[in-house]
Each structure stands twice: as C-alpha cells, then as structure tokens.
There are 2 protein chains.
Amino acid sequence: MKAKNILLKYNLSITTGRLNILEIFLNNEMALSEKDIQDKLIGVCDRATIYRTLKKFKDTGIVHPIATEGMITKYVLKKEPEEHLHFKCTDCGKIMCLPEVQMKNYELPSGFTKKESNFLVIGTCNNCNN
Amino acid sequence: MKAKNILLKYNLSITTGRLNILEIFLNNEMALSEKDIQDKLIGVCDRATIYRTLKKFKDTGIVHPIATEGMITKYVLKKEPEEHLHFKCTDCGKIMCLPEVQMKNYELPSGFTKKESNFLVIGTCNNCNN
DNA sequence: ATTATTTTTGCAACAATGTCGCATTTTATA
DNA sequence: TATAAAATGCGACATTGTTGCAAAAATAAT
C-alpha cells in the first residue's frame, strides 16, 4: 500500500513529513529508531516532528514498538499476524520481525491476564551467519 | 543467598555500594531501573556508581535486563530457569518474572541462530485484577 | 476558489537516562 | 602493614524523550 493511502486509511492528514517517514518504513525491513529516521531526513524534518509522528503512528496502529533491552525505542510497520516474534542480531545490531514463525500460547498463572506480547529472540541473523 | 556470598561467588570485590544494591534486589520481586534504586539510596550511593554497578552485575550475570518498549532499562536477579517469561502490568506498571511458566521452543527461519530470548507479556497482574 | 478553522511543524528549552575521565578513597594482595 | 588494583564521587556531556508556543500548512466551510 502506498504511503498516502495508509494515511487516508487511518484518517491522518497528509503532510510531507508523514509521507517521508512512512516511505522510509515502507522501504526498510528493519526496526527503526527516531535517530535512524532523523539521519535519513536531515534538513527535511525536525526532531520534534519525527518524535510526534512516531507517537501518532503508534497510537493509530500504523507502527508498533519493539521491546529491547536497550534504551532506544524502535518501531516497525504493523503486519500480519499481529503477534509475531522479533529478532535482534548481536552481530549487525539490526532488529526485525519474523512473522513467519508460528506463535505459541502460554498459560499464565492465575490472576494474570494478557493483552498483548512482545517476544524478542536474540542471536545472529541469516545475513551475519555466513 | 546472602548479598555478600553472591559477590564472592561472582568474584566481585565487596563494597558497601554493591551490598546495598544487591540487598535491594534481594528484597524486591519486581524489575528495577537505575532510578528505582537511586530513590532508595539517596545520599548513600552516587548515580554513576549505581550505573556502573548495574552494568557490572549484568556483565557478570548476577542480574539480567528485561526488554520493554520504553526507554528505561530494568533489571532483575537471574533465576532458574534461565529462560522465562516476563510480565508487565499496564495497571501498576510493575515488571516481574514468571519463572513458573514453561517456555516453548521456536523453529527459526533458516540462517537464524538463537543465543537467548527475552519474552514480555503485557496485561494486568494478579494484584490489579481484583 | 477563497476564507476560516484545525492540525502540524519548527524552534527552543528542559528532564531523564546513559556514559566517561579523573582524582580520591576503598578493597584486595603481597 | 605497605602496595597494587579496583571502586567511588564528582562533574561534564551525549542522547532520547517531551512540551509550549508562534508560524505554516492542511482540511473544512462558505
């Protein structure tokens, strides 16, 4: 789907900043931080705009954050199935989704209820394993 | 195990700062951030010391970081089994381990190898579900 | 199409967290 | 007890998160 259509679908106004940022996500398989995007939009988009856009995209459900042990929040476009594994490569540092891996169900202790999950596998990716 | 014995076991020198911090972990079920510990050690321990101690504890394997979507790193004492679920309550905000839940194995796509994993379930905890 | 209204942006500023060098103090070792 | 090694406190700075506000852009109304 094209960037503009995504914004329309989610009822967000069409601005060049948002189109730029969405375009970057569409052309990138990996999870991206605010900084990653900043580096690709130097002089084009203000930091605050990127921050707020990412926040808006998260709230509307266009992207979702990936849980990592680090201090940086990284985002990826939402994809099917909604629940899927994430993978972090200790070699190249990239974080990506593995939507092809079938998720499994966990029985939580009594009293606990699940809303969502964020599973991260850490290791080396197919690209770094050669 | 007592704080001092843990330091001995991991070959770390015995200092009051480390004992204090370890004591906090031993008396606390939840995952703790640098800030959480700071608040409990005002005037006792410098921020840099806490930061470095946490780092050392992580490197030696006394604690491990929990992956969350936020920007803050939270740690818990390592426990058996090594791999276990983490739970984040959207109500009280606490993050804890669920070592009693049996972990399952995932077949990764070819080329990917796993070193470890960091699984976070998000929902409401037994305390907030009443 | 033009104007009015609503949103978004850029800038500036500040808070929280991560990180490190360095002199001083503390711990471990000889 | 003296010496070498390690940890601490302080200060400083980088990065990321976050917000107010006026200017600019986008959407809605005329």
Side-chain angles (χ1 to χ4, degrees), chain A residues 2-24 31-60 62-76 93 95, chain B residues 2-24 31-60 62-76 93 95:
Chain A
K2 290 250 274 295
K4 188 172 171 185
N5 295 48
I6 295 177
L7 293 178
L8 288 170
K9 175 180 167 191
Y10 285 92
N11 254 41
L12 298 180
S13 36
I14 318 290
T15 70
T16 46
R18 287 178 181 168
L19 290 173
N20 280 328
I21 294 172
L22 252 183
E23 214 59 71
I24 290 174
L32 300 169
S33 66
E34 186 198 305
K35 182 68 165 50
D36 295 331
I37 293 171
Q38 244 184 84
D39 292 344
K40 293 174 193 283
L41 292 179
I42 295 172
V44 179
C45 235
D46 187 69
R47 205 167 73 83
T49 300
I50 297 174
Y51 167 73
R52 281 186 284 228
T53 300
L54 252 21
K55 198 173 183 179
K56 179 133 282 188
F57 282 4
K58 185 184 70 174
D59 292 343
T60 54
I62 295 179
V63 302
H64 72 269
I66 289 187
T68 65
E69 316 98 321
M71 66 182 278
I72 300 171
T73 309
K74 295 217 175 208
Y75 299 92
V76 287
I95 297 177
Chain B
K2 291 252 272 292
K4 188 172 170 183
N5 296 45
I6 295 177
L7 292 179
L8 288 170
K9 176 181 168 193
Y10 285 91
N11 253 40
L12 298 181
S13 35
I14 318 289
T15 70
T16 46
R18 287 178 181 169
L19 290 172
N20 281 328
I21 294 172
L22 251 185
E23 216 55 75
I24 290 174
L32 300 169
S33 66
E34 187 198 304
K35 181 68 164 53
D36 294 332
I37 292 170
Q38 242 183 83
D39 292 343
K40 294 172 192 286
L41 292 179
I42 295 171
V44 180
C45 235
D46 186 68
R47 205 166 75 80
T49 302
I50 297 175
Y51 167 74
R52 280 184 283 229
T53 302
L54 252 22
K55 198 172 181 175
K56 179 131 281 189
F57 282 4
K58 184 185 70 174
D59 291 344
T60 53
I62 295 179
V63 302
H64 72 269
I66 289 188
T68 64
E69 316 98 321
M71 67 183 276
I72 301 170
T73 310
K74 295 216 173 207
Y75 299 92
V76 287
I95 297 177

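Each chain gets a letter, A, B and so on, in the order the sequences are listed, and its residues count up from 1.
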Measure the distance from CG on B:Leu54 to P on C:dT19 and round it to the nearest whole Å.
-> 11 Å
Scanning both residues in full, the closest heavy-atom pair of B:Ser13 with B:Leu7 reads O-CD1, 4.2 Å
Is any side-chain heavy atom of A:Ile95 less than 4.5 Å from a side-chain heavy atom of A:Tyr75?
-> no
Looking only at side-chain N and O atoms, does B:Tyr51 come under 4.0 Å of OP1 or OP2 in C:dG18?
-> no
Phosphate-side-chain proximity, B:Thr73 and C:dG18, N/O vs OP1/OP2 below 4.0 Å = yes
Anything under 3.5 Å between a protein N or O and an N or O of nucleotides 28-30 of chain D, put it in a table, one pair a line.
none

Atom CG of A:Asn20 to atom P of C:dT8: distance rounded to whole Å?
-> 16 Å
Could you state the CG-P distance from A:Leu19 to C:dT7, rounded to the nearest angstrom?
-> 19 Å
For the side chain of B:Arg52, counting heavy atoms from C-beta on, which of D:dT27, C:dA28, D:dG9 is nearest?
-> D:dG9
Of C:dT19, D:dT27, D:dT16, the nucleotide closest to the side chain of A:Ile14 is D:dT27
Spacing between A:Lys58 atom NZ and D:dG17 atom C1', to the nearest angstrom | 11 Å
CG of B:Leu54 to CD1 of B:Ile21: how many Å apart, nearest 0.5 Å?
-> 6.5 Å
Quick one: is A:Arg18 getting a side-chain N or O under 4.0 Å of the C:dT8 phosphate, OP1 or OP2?
-> yes
A:Arg52 meets the side-chain contact (heavy atoms from CB on, under 4.5 Å) criterion, sequence neighbours left out, with A:Ala48
Looking across every strand, which nucleic acid part, if any, lies under 4.0 Å from B:Ser33 by heavy atom: base, sugar-phosphate, or nothing?
-> nothing
Round to a whole Å and report the spacing from OH of A:Tyr75 to P of D:dG17.
-> 7 Å
How do B:Thr15 and A:Cys45 order along DNA chain C: which one's closest nucleotide is nearer the 5' end?
-> A:Cys45
Phosphate oxygens OP1/OP2 of D:dA6: is one of them under 4.0 Å from a side-chain N or O of B:Ser13?
-> no
Are A:Asp39 and A:Lys35 close enough for a salt bridge, meaning some N to O gap below 4.0 Å?
-> yes
Say whether, by atom type as modelled, one donor and one acceptor occur between the side chain of B:Arg18 and the main chain of B:Thr53 under 3.5 angstrom.
-> no
Phosphate oxygens OP1/OP2 of D:dT19: is one of them under 4.0 Å from a side-chain N or O of A:Lys55?
-> yes
For C:dT26, take OP1 and OP2 only and decide whether either is under 4.0 Å from a side-chain N or O of B:Thr16.
-> no
Within the pair B:Thr49 and D:dG9, is there a side-chain N or O less than 4.0 Å away from OP1 or OP2?
-> yes
Starting at the 5' end of DNA chain C and moving along, which residue's nearest nucleotide shows up first, B:Ile72 or B:Leu12?
-> B:Ile72
Whole Å only: how far is the CG atom of B:Asp46 from the C1' atom of C:dT19?
-> 13 Å
Atom CD of B:Glu69 and atom C1' of D:dT16 are separated, to the nearest Å, by 17 Å
Do NZ/NE/NH1/NH2 and the carboxylate oxygens of B:Lys55 and B:Asp59 come within less than 4.0 Å?
-> no
So which heavy atom on B:Ser33 is nearest to which on B:Ile72, and how close?
-> CB-CG2, 3.4 Å
Give a yes/no answer on whether the side chain of A:Lys35 brings an N or O atom under 4.0 Å of OP1 or OP2 in D:dT15.
-> no
When rounded to whole Å, the CZ to C1' distance for the pair A:Arg47 and D:dT19 reads 12 Å
